[in-house]
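The first residue of the sequence shown is numbered 1, and numbering continues consecutively from there.
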Amino acid sequence: MAPKPAWSEAKLRVVFGEIPGGGDELVVESTGRRCQVLRVAGKTLHCIVLPADAPVDPEAKVWSWRWAGHKKRGAA
């Protein structure tokens with residue numbers, strides 16, 4: 001699956017650790033991609049993918065984001 005293009009919406013789920021707040025920024029450790037959290041619903045983060053050259057909001061808290069492994073679903 002190809003990465004989402006800049007300015008597209010994405011939903012991320014927090015598996016463990018603290019939950020970022022709205023307006024915070026996530027930086028994916030493995031790729032350096034950035035997402036801004038628009039809103040939080042429980043453990044689901046509704047985000048927008050930022051372009052690489054987007055300015056960093058000095059008021060936003062920046063979080064290091066790491067993908068958690070998951071079980072592959074078998075074909076039925």
Side-chain angles (χ1 to χ4, degrees):
M1 183 172 170
K4 291 188 174 251
W7 303 117
S8 62
E9 293 184 21
K11 289 183 187 177
L12 304 174
R13 182 134 174 105
V14 177
V15 177
F16 57 87
E18 293 183 61
I19 298 174
D24 288 352
E25 190 174 306
L26 309 174
V27 178
V28 180
E29 285 183 358
S30 59
T31 63
R33 295 276 316 228
R34 297 169 37 216
C35 296
Q36 183 178 23
V37 179
L38 300 175
R39 68 183 182 91
V40 180
K43 290 188 170 190
T44 302
L45 308 177
H46 296 262
C47 305
I48 190 160
V49 178
L50 298 173
D53 60 349
V56 176
D57 181 356
E59 308 248 336
K61 184 174 180 182
V62 178
W63 297 74
S64 179
W65 183 263
R66 185 179 331 163
W67 297 109
H70 62 279
K71 294 181 182 179
K72 293 188 178 187
R73 297 179 184 154

Heavy-atom neighbours of E9 CD exceed 12 at 6.0 Å = no

Would you name the heavy atoms of V37 and P20 that are closest together and state the gap between them?
-> CG2-CB, 4.3 Å

Would a 4.5 Å heavy-atom cut-off, applied to side chains only, mark W65 and V14 as touching?
-> yes

Residue pair W67 / V28: nearest heavy atoms and the distance that separates them | NE1-CG1, 3.5 Å

Partner of C47 by side chain to side chain contact (heavy atoms under 4.5 Å, CB included), out of L26, D24, V40 | L26

Could you tell me which non-hydrogen atom of A6 sits nearest to which non-hydrogen atom of R33, and how far apart they are?
-> N-NH2, 4.2 Å

Measuring from T44:OG1 to R39:CZ, what's the distance to the nearest 0.5 Å?
-> 9.0 Å

When you measure from the side chain of R34 to the backbone N and O of A54, does any donor-acceptor pair fall under 3.5 Å?
-> yes

Identify the heavy atoms of K4 and A10 that sit nearest to each other, and give their distance.
-> CD-CB, 4.0 Å

Of all heavy-atom pairs between K43 and V15, which one has the smallest distance, and what is that distance?
-> NZ-O, 4.2 Å

Can you tell me how far the CG atom of L45 sits from the NZ atom of K11, to the nearest 0.5 Å?
-> 11.5 Å

Supply the atom-to-atom distance E25 CD to I48 CD1, rounded to the nearest 0.5 angstrom.
-> 12.0 Å

